Amino acid sequence: MLRCEYVWVSSNPSTSAAPPARKSFFGHPRMLANLFSVELWERFSFYGMQGILLYYMYYSATEGGLGIDLAVATGLVGAYGGGVYLSTILGAWIADRLLGSERVLFYSAVIVMLGHIALAVLPGAAGLAAGLILIALGSGGVKANATSLVGTLYEEKDERRDAGFSIFYMGINIGALVGPLLTGLAWSEYGFHYGFGLAAAGMAIGLVQYGMTRKYLPESAHQVSNPLPRAQFNKVALGTAAALAVIILAVVFGLLTAQNLAPIMAVLAILASIGYFVVILTSKKVSTLERRRVYSFMPLFVASAAFWALFQQQFTVVAIYADTSLDRDLFGWEMPPSFVQSINPIFIIIFAAVFAGVWTKLGDKQPSSPLKFAMGLAVMGLAFLAFIPFSGGGANSTPLLALAGILLLFTFAELFLSPIGLSVATKLAPAIFRTQMVALFFLSVSLGTTLAGWLAQFYSTDTEVSYFMFSGITAIVLGVALAAATPAIKKLMGGVR
């Protein structure tokens, strides 16, 4: 029945016809503008909520928060963020085996909106748990499939691909810029739940916009690349039910708690990644060239996880730093600490087009993807080392301009690695694992994000210098090692840059 539904959709002109070829978006396929807009609103809701999430957890009840211990709160933020990216596995699998990317994107957006509504209207721990679970599940489906759909707009050898992903990434960061600003204002004026409600409204706008334009996606966006045989439906259903039962029993018997959730999520991300690599590499439908390309992706996966373990500390260590050590006085007005989350997106908006233009102009002379990854890691290390001169100064001691300069380094590191990671995942993917290779990239983000929350427990004003020095030097060493391995990795990539 699923096969019949797929044939009907792909053969219906009203659902598979693309816009006229003469229309373009800054020299790119027209549908890039639609996906750009959808992701903008989804990121508005996601980062708008995440900008105030940690404060909602650890602020006292008299301040409108939940009064959760700070170390537990940072671990939960990391585990939640890791869960978002871990759930890309589910979203990618459903897309590749059951529904196709464009349907999964739509349904996932609905789930995200429901999660924000739960945070906005349900009080206490119940609202927090329901909201974060729904947002994590839905965001995973949105992330993997929006990225995969961008990949369908370009041929494998199209030199515009990296630039197109950088433009798409700029849309993400417009939403990430505006979200924390508006939800932060809503929080400071009316309370946390109004901020969460604003995030729900943003997701609703994105959902409506996508619903009006999804029919213009290319033919491949509607395809189920590797349909699940009907005989396996019962097996999958039983496996899903068993997994849910294990999770429920683990919570009931105290094996899964707020305190140990972060390391458990990290282990799950590692096991899932290993499992995914094994499934892809052992598939008989993967050619020898495709298999070599998957091997070349492995060191990039490790580098990506290390990068995100540092970068995602914007929502843990940097958020705490902004609340306790940053001078937030702006001409007599105290800026909400959540506003710091919008500094990086401002720089992304400014420099994403610059990076995209450079990659386009260089064409086949641009650095290879592994070398870009290495540069991103090294710059990320420099960003953490830049915290050291301002460490130990006490409350309100760090100038806002200094933190902005550090976050500018965060931005350069991100632009070297993140949009390139999305692009290279689609380029190295075997034909039947297109969306699931994107999920593998997001699994590296899941692992790194979870580690970012776990690492934050070692941060304090007493350990600032050693914490920032260890993190920075480790990232630089990994970047140098990856640069040295780049020639060998390029050979495995089989012509992909």
Side-chain angles (χ1 to χ4, degrees), residues 40-68 70 73-74 76-78 80-81 84 112 115-116 119-120 127-128 131-132 135 139 172-203 311-349 395-396 398-404 406-408 410-411 414 449 452-453 456 459:
L40 184 157
W41 284 110
E42 192 272 335
R43 294 293 87 185
F44 169 93
S45 69
F46 181 85
Y47 285 108
M49 179 277 291
Q50 192 148 322
I52 62 177
L53 177 62
L54 181 62
Y55 306 122
Y56 177 57
M57 288 185 182
Y58 79 76
Y59 272 34
S60 67
T62 57
E63 298 172 296
L66 299 180
I68 298 174
L70 180 58
T74 56
L76 285 174
V77 169
Y80 153 73
V84 168
V112 170
H116 288 300
L119 277 171
L128 180 69
L132 294 187
I135 295 170
S139 293
I172 291 174
N173 283 278
I174 292 174
L177 161 64
V178 180
L181 292 178
L182 295 187
T183 59
L185 283 175
W187 159 39
S188 63
E189 294 295 326
Y190 306 107
F192 285 106
H193 291 285
Y194 285 88
F196 296 138
L198 192 59
M203 188 66 258
F311 183 85
Q312 293 292 69
Q313 290 187 43
Q314 285 190 84
F315 304 108
T316 54
V317 170
V318 176
I320 298 169
Y321 193 90
D323 193 31
T324 59
S325 300
L326 183 65
D327 181 4
R328 293 184 279 111
D329 180 74
L330 293 177
F331 309 105
W333 176 67
E334 186 176 17
M335 179 185 78
S338 62
F339 276 31
V340 169
Q341 304 301 330
S342 292
I343 295 176
N344 168 249
I346 291 174
F347 289 139
I348 288 289
I349 292 167
N396 307 317
T398 302
L400 181 59
L401 189 61
L403 184 57
I406 293 171
L407 291 176
L408 178 61
F410 272 59
T411 301
E414 182 181 8
T449 302
Y459 167 80

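The shown structure was predicted, so the numbers you read here are calculated from the model rather than taken from an experiment.
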Exercise for review: Might you confirm whether atom CG of Leu330 has over 12 heavy atoms from other residues, nucleotides or ligands at distances under 6.0 Å?
Suggested key: yes

With rounding to the nearest 0.5 Å, note down the distance linking [atom1] in [X] to [atom2] in [Y].
X	Y	atom1	atom2	value
Ile52	Leu185	CD1	CG	11.0 Å
His116	Phe46	NE2	CZ	8.0 Å
Tyr80	Gln50	OH	CD	5.5 Å
Ile135	Ser45	CD1	OG	7.5 Å
Thr398	Ile406	OG1	CD1	7.5 Å
Leu119	Met49	CG	CE	6.0 Å

Atom pairs and distances, donor-acceptor, side-chain atoms in residues 333-344, under 3.5 Å, two or more places apart:
unit_1, atom_1, unit_2, atom_2, d
Glu334, OE2, Arg328, NH2, 3.4
Gln341, NE2, Gln314, O, 2.9
Ser342, OG, Leu177, O, 2.6
Asn344, ND2, Thr411, OG1, 2.8
Asn344, ND2, Glu414, OE1, 3.2

Restricting to non-hydrogen atoms, name the atom on [X] and the atom on [Y] that form the minimum distance, rounded to 0.1 Å.
X	Y	answer
Ser139	Val84	CB-CG1, 3.6 Å
Ala176	Tyr47	CB-CD1, 3.5 Å
Leu198	Phe44	O-CE2, 3.6 Å
Val318	Phe410	CG2-CZ, 4.4 Å
Gly48	Thr183	O-OG1, 2.7 Å

Exercise for review: Go through the steps to decide whether Leu400 and Leu326 satisfy the test side chain to side chain contact (heavy atoms under 4.5 Å, CB included), and finish with yes or no.
Suggested key: CA-CA 7 Å; Leu400 181 59; Leu326 183 65; 3.9 Å; yes

Exercise for review: Given side chain to side chain contact (heavy atoms under 4.5 Å, CB included), test Thr74 with Tyr459 step by step and report yes or no.
Suggested key: CA-CA 11 Å; Thr74 56; Tyr459 167 80; over 6 Å; no

Could you give the side-chain donor-acceptor pairs of residues 54-61 under 3.5 Å, partners two or more places apart or in another chain?
unit_1, atom_1, unit_2, atom_2, d
Tyr55, OH, Ala319, O, 2.9
Tyr58, OH, Asp323, OD2, 2.5
Tyr59, OH, Asp323, OD1, 3.2
Ser60, OG, Thr62, OG1, 2.8
Ser60, OG, Glu63, OE1, 3.1

Practice item. State, with a plain yes or no, whether a side-chain heavy atom of Leu132 is found less than 4.5 Å away from one of Leu53. Key: yes

